Amino acid sequence: DRLAMVVEMEVLEDGTVAASDVYRALVHNHAKLVYEQVAAWLDGDGPLPERAAAVPRLSDLLRLQDATARGLRRRRHERGALRLDRPEVTAEVVDGCTVTGFREDRQNRARELIEDFMIAANETTARFLESRGVPSLRRVVRAPGRWPRIVDLARQLGEDLPPEPDSPALAAFLDGQREADPAGFPELSLAVTKLMGSGEYAVDRPGEESPGHFGLAVEDYTHATAPNRRYPDLITQRQLKAVLDGGRSVYTEEELEELARHCTLREDEAAKVERQITKSAAALLLQPRLGEEFEAVVTGASEKGTWVRLCGFPAEGRLVRGTRGADVGDRFRVRLTEVDVERGYIDFER
């Protein structure tokens with residue numbers, strides 16, 4: 001038995017959350033399952049995992065969860081949630097120093113199932129705190145400041161997007177491109193992700209309009225489902241427990257503002273460390289390939305420099321020559337000119 005916070009949702013067949021509640025409970029874990037094994041079973045490509053088969057009716061529950069998650073996902077996409085190709089990339093290292101390649105962990109039905117429930121739970125939690133008059137830490141992704149460039153990329157592919165940010169229109173465009181050009185979609189997806197900009201944490205005061213999450217097409221969204229590994233979720237859990245105990249906010253609005261800035265800053269710093277490790281691993285793997293040419297897509301263009309990512313290989317580096325006119329989403333051939341493993345530098349020329 002484990003102490004837990006439960007987010008209970010009544011989900012209708014069309015994916016609408018009709019009623020919800022948040023409360024404390026003891027939960028009992030009957031089986032620890034593996035994403036890939038459950039996904040293979042759901043797709044009909046593998047047997048029901050032994051641990052699941054050992055628990056009566058757990059297979060029925062998994063089928064029900066899968067159907068419910070698909071309903072939630074369908075409802076989100078109708079609102080304009082974006083389906084982007086964002087695999088998690090991990091370097092494969094032998095003996096702590098030899099990089100043999102990279103592994104991409106892509107979405108599957110089991111991962112999507114958990115993701116759909118977490119998104120719905122985060123929305124429900126945000127609304128719960130709002131309804132109790134308690135300020136909360138929201139996860140915000142604002143409307144893209146570089147929307148005109150997204151419009152330009154769509155025009156290059158023969159599609160028209162509205163002049164102002166419109167998540168349903170962008171979602172429809174991306175879905176069409178995924179269908180029309182699945183091989184080229186990862187690069188388009190990467191370009192759109194870069195142009196949308198990074199997320200941030202902001203304080204939501206009851207009664208005020210929230211900037212919302214552009215990528216998920218939701219107005220009320222917090223981070224609450226991972227208090228064991230992400231500090232904003234822990235803050236949200238503390239707020240929930242205070243409300244359930246009949247109290248008010250654990251934090252003043254000024255404290256929440258400072259925490260929002262702090263969490264955004266630390267998340268950015270953590271992302272830089274992850275990028276540094278990935279770049280150093282990629283530089284080590286590319287070191288013997290100096291002078292070779294690759295297909296690449298521009299992922300950043302500003303006064304600080306122009307950056308490209310190789311197509312089909314998770315290596316990003318600086319374009320040191322041939323930057324004139326290059327903008328996010330452009331594709332062209334580049335030549336690898338220099339690498340610095342220790343600093344994670346990878347340099348290309350057009």
Side-chain angles (χ1 to χ4, degrees), residues 2-12 15-27 65 68-69 71-73 75-76 79-82 113-143 167 198-268 270:
R2 298 289 184 91
L3 288 167
M5 295 290 292
V6 174
V7 180
E8 181 179 285
M9 296 167 285
E10 179 185 340
V11 184
L12 305 183
T16 302
V17 178
S20 62
D21 197 7
V22 180
Y23 52 86
R24 284 185 169 97
L26 279 174
V27 298
Q65 289 181 334
T68 306
L72 289 167
R73 193 180 321 135
R75 184 72 173 174
R76 267 206 335 275
R79 297 198 309 248
L82 308 181
L113 185 159
I114 297 300
E115 181 181 274
D116 292 325
F117 283 146
M118 286 198 298
I119 291 171
N122 285 332
E123 287 185 81
T124 297
T125 300
R127 292 180 186 133
F128 180 87
L129 291 173
E130 171 87 16
S131 70
R132 300 309 193 273
V134 175
S136 61
L137 211 58
R138 297 294 180 93
R139 181 60 177 175
V140 171
V141 175
R142 302 180 188 276
S167 56
S198 58
E200 61 185 282
Y201 292 101
V203 177
D204 178 79
R205 297 171 178 81
E208 293 186 5
E209 188 174 348
S210 171
H213 194 298
F214 185 85
L216 295 176
V218 296
E219 292 184 8
D220 302 305
Y221 191 73
T222 188
H223 272 167
T225 56
N228 58 328
R229 64 178 177 84
R230 195 166 50 197
Y231 195 68
D233 303 56
L234 184 60
I235 292 171
T236 301
Q237 293 284 334
R238 287 172 175 168
Q239 294 286 74
L240 285 173
K241 290 178 180 179
V243 170
L244 293 175
D245 287 339
R248 301 293 297 170
S249 173
V250 177
Y251 306 94
T252 65
E253 290 187 5
E254 291 75 18
E255 288 172 333
L256 279 176
E257 291 281 2
E258 179 59 31
L259 285 167
R261 286 191 291 270
H262 173 80
C263 289
T264 299
L265 176 64
R266 300 311 294 167
E267 182 179 67
D268 290 344

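No experiment lies behind these values; they were computed from the predicted model shown.
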>> Pair E123, R127 - check side-chain contact (heavy atoms from CB on, under 4.5 Å), show working.
In response: CA-CA 6 Å; E123 287 185 81; R127 292 180 186 133; 3.2 Å; yes

Compare every heavy atom of [Y] with every heavy atom of [X], then report the nearest pair and how far apart it is.
X	Y	result
L82	S167	CD2-O, 3.7 Å
Q239	S249	NE2-OG, 2.9 Å
L216	Y221	CD1-CZ, 3.6 Å
G199	V141	CA-CG2, 3.9 Å

Taking atom [atom1] as the centre, does [X] end up with more than 12 heavy-atom neighbours from other residues, nucleotides or ligands that are less than 6.0 angstrom away?
X	atom1	result
L26	CG	yes
R266	CZ	no
E219	CD	no

Could you grab the distance from atom [atom1] of [X] to atom [atom2] of [Y], nearest 0.5 Å is fine?
X	Y	atom1	atom2	result
T222	Q237	OG1	CD	9.5 Å
T252	E257	OG1	CD	9.5 Å
L240	I235	CG	CD1	12.5 Å
R205	L256	CZ	CG	8.5 Å
M9	L72	CE	CG	7.0 Å
H262	E258	NE2	CD	8.5 Å

> Is the backbone N or O of A18 less than 3.5 Å from a side-chain atom of T16, with the two atoms forming a donor-acceptor pair by type?
Replying inline: no

> Ion pair present between R138 and E130, side-chain N to carboxylate O less than 4.0 angstrom?
Replying inline: yes

>> For R230, is there an ion pair with E267 - N to carboxylate O distance below 4.0 angstrom?
In response: no

>> Within the 4.5 Å heavy-atom criterion, are F117 and T225 side-chain neighbours or not?
In response: no

> Tell me, do F128 and D21 make a side-chain contact under 4.5 Å, heavy atoms counted?
Replying inline: yes

> When L129 is tested against each of D204, V22, L137, T236 for side chain to side chain contact (heavy atoms under 4.5 Å, CB included), which residue passes?
Replying inline: T236

> In this structure, which one of V218, I119, D220, N122 forms a side chain to side chain contact (heavy atoms under 4.5 Å, CB included) with H213?
Replying inline: V218

>> For a side-chain contact (heavy atoms from CB on, under 4.5 Å) check, start with the C-alpha distance between L259 and Y231, then their side-chain angles and the critical distance, and finish with the verdict.
In response: CA-CA 10 Å; L259 285 167; Y231 195 68; 4.0 Å; yes

> Hey, mind stepping through K241 and R238 against side-chain contact (heavy atoms from CB on, under 4.5 Å) and telling me if it holds?
Replying inline: CA-CA 5 Å; K241 290 178 180 179; R238 287 172 175 168; 5.9 Å; no

> By ring pair (Phe, Tyr, Trp, His ring centres under 6.0 Å), which residues pair with F214, not counting sequence neighbours?
Replying inline: none

> Could you walk me through whether M5 and L244 pass the side-chain contact (heavy atoms from CB on, under 4.5 Å) check?
Replying inline: CA-CA 11 Å; M5 295 290 292; L244 293 175; 3.6 Å; yes

> Only one of Q65, R75, R73 forms a side-chain hydrogen bond (donor to acceptor under 3.5 Å, both in side chains) with D116, so which one is it?
Replying inline: R73

